Number of protein chains: 2
Amino acid sequence: MRLLPHPSTENIQLTEVLRALSDPIRLEIVIRLATAGEMTCTVAGDDLGVHKSTASHHYRTLREAGVVLTKQEGRLKYMSLRRDDLETRFPGLLDAVLTAATRPLPAEAHA
Amino acid sequence: MRLLPHPSTENIQLTEVLRALSDPIRLEIVIRLATAGEMTCTVAGDDLGVHKSTASHHYRTLREAGVVLTKQEGRLKYMSLRRDDLETRFPGLLDAVLTAATRPLPAEAHA
DNA sequence: CGAATTGTTTGACAACAATCCAACTATACG
DNA sequence: CGTATAGTTGGATTGTTGTCAAACAATTCG
């Protein structure tokens, strides 16, 4: 089992995290990881509507930003959200993003 | 006094807000607005180290993303954070970003 | 009106980013 | 070993972004 290079917790940069989360495809991947926990790249990237190599680039962006942790087991790579690290570094940020991303539009006062 | 075109609250998109906040210059502008409240473009853009036209583009990006509200009075334009709109749309998000952006690095256990 | 102030627009350019395709690597399985 | 599986890498392309400089627009003030 090997770990790929990741930024340490204290080296996670806010602007890089925000940029990583600002792409709809990557945000969808993050939502899946938040919902279902650790999963392989293939599962995380299923039905995203992009080529597998494109998805692979997104995995790398998320990893290098410090959003996900990737470890290899055999020929599979498992990704998971770095929930604790992000909470330590930027309290409340990931939860706010996930809430915002998954919550239905608030029923406005028919305005 | 005129208002410039802005997205309505329900049309503010999460990914666009995250993208707007993912640039260091724009994030700095947002921090200034959060700290000092409404201010003119000139004040908000003072000492940012970029040309005024560059700053102007950033104002537009922030406005079109729904992060700031801009109103014109005379020859001045006042910008302010759309705190309430953002809180309605994405509860806790702006606060988390501002906390993350302004908080000093947590003193790690000398690790 | 003419000059100063405040900010935007346009054009140019370089850097970056998203995408696809094809080739590749590495592991696992017969 | 040969094949399948899982994912990455490199090239090419296309589009977006950040930046500056110069010109412009709008308001105010003398």
Side-chain angles (χ1 to χ4, degrees), chain A residues 1-6 13-30 32-33 36 38-80, chain B residues 1-6 13-30 32-33 36 38-80:
Chain A
M1 202 273 287
R2 287 170 310 184
L3 234 66
L4 278 69
H6 296 78
Q13 297 303 310
L14 176 60
T15 51
E16 291 182 27
V17 170
L18 295 175
R19 227 199 53 71
L21 297 175
S22 73
D23 179 274
I25 300 267
R26 288 192 294 262
L27 187 55
E28 172 63 27
I29 294 170
V30 167
R32 293 180 181 188
L33 291 172
E38 189 178 71
M39 54 179 68
T40 67
C41 291
T42 299
V43 173
D46 190 43
D47 286 323
L48 285 180
V50 293
H51 196 276
K52 65 172 181 169
S53 65
T54 302
S56 182
H57 283 302
H58 287 312
Y59 306 150
R60 184 155 69 102
T61 299
L62 288 169
R63 176 168 52 79
E64 290 179 348
V67 176
V68 306
L69 184 135
T70 311
K71 58 181 177 180
Q72 183 154 12
E73 287 184 40
R75 66 180 151 180
L76 301 181
K77 279 182 181 170
Y78 289 91
M79 281 192 297
S80 57
Chain B
M1 202 274 287
R2 290 170 310 184
L3 235 66
L4 279 68
H6 295 78
Q13 297 304 310
L14 176 61
T15 51
E16 292 182 27
V17 170
L18 295 175
R19 225 198 54 69
L21 297 175
S22 73
D23 179 273
I25 299 269
R26 287 192 294 264
L27 187 55
E28 173 61 26
I29 293 170
V30 167
R32 292 181 182 189
L33 292 172
E38 189 178 70
M39 53 178 69
T40 66
C41 291
T42 299
V43 173
D46 190 43
D47 285 324
L48 286 180
V50 293
H51 196 276
K52 64 173 182 170
S53 65
T54 302
S56 182
H57 281 301
H58 287 313
Y59 306 150
R60 184 153 70 102
T61 300
L62 288 169
R63 176 168 51 80
E64 290 180 347
V67 176
V68 306
L69 184 134
T70 310
K71 58 181 177 180
Q72 183 154 11
E73 288 185 39
R75 65 182 152 179
L76 301 181
K77 280 182 178 168
Y78 289 91
M79 282 192 297
S80 57

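A, B, ... follow the sequence lines: proteins, then strands. Residue 1 opens every chain. It should be emphasised that the depicted structure is a prediction, and the values quoted were computed from it without experimental measurement. In what follows, every heavy atom counts, from backbone to side chain, and hydrogens, waters and symmetry copies are set aside.
- The phosphate of C:dC16 (OP1 or OP2) has no side-chain N or O of A:Arg19 nearer than 4.0 angstrom.
- Closest heavy-atom contact between A:Leu69 and A:His6: CA-NE2, 3.4 Å.
- Atom CG in B:Leu18 sits about 17 Å away from atom C1' in D:dT17, given to the nearest Å.
- At the phosphate of C:dT27, neither OP1 nor OP2 sits under 4.0 Å from any side-chain N or O atom of A:Lys77.
- Between A:Glu64 atom CD and C:dA17 atom C1' there is a gap of 13 Å when expressed in whole angstrom units.
- OP1 or OP2 of D:dG18 has at least one side-chain nitrogen or oxygen of B:Arg26 nearer than 4.0 Å.
- As a whole-Å value, the separation of A:His51 NE2 from D:dA12 P is 17 Å.
- Residue order along DNA chain C, read from the 5' end via each residue's closest nucleotide, puts B:Lys52 first among B:Lys52 and A:Lys52.
- Of the residues in residues 53-63 of chain B, those with a non-hydrogen atom less than 4.0 angstrom from any atom of DNA chain C are B:Ser53, B:Ser56, B:His57, B:Tyr59.
- Note: NZ (B:Lys71) to P (C:dT6) measures 18 Å, nearest angstrom.
- For A:Gln72 and D:dT5, the CD to P distance is 18 Å, given to the nearest whole Å.
- Taking the side chain of A:Arg75 as heavy atoms from C-beta on, and the options D:dA21, C:dT8, D:dT5, the nearest nucleotide is D:dT5.
- To the nearest angstrom, C1' of D:dT19 lies 13 Å from CG of B:Leu48.
- Between B:Leu27 atom CG and A:Leu18 atom CG the span is 7.0 Å, to the nearest 0.5 Å.
- Sorted by first then second residue, the salt bridge (Lys or Arg N to Asp or Glu O under 4.0 Å) pairs that include residues 13-27 of chain A, not counting sequence neighbours, number zero.
- In this structure the side chain of A:Lys71 never reaches within 4.5 angstrom of the side chain of A:Ser80, judged on heavy atoms.
- The separation between A:Tyr78 atom OH and C:dT27 atom P is 15 Å, rounded to whole Å.
- In this structure a side-chain-to-backbone donor-acceptor pair under 3.5 Å is present from A:Arg32 to A:Asp46.
- Nearest approach of A:Val68 to A:Tyr59, heavy atoms of both residues: CG2-O, 4.3 Å.
- Note: CE (B:Met39) to C1' (C:dT6) measures 16 Å, nearest angstrom.
- A distance of 9.0 Å separates CD1 in A:Ile29 from OG1 in A:Thr61, rounded to the nearest 0.5 Å.
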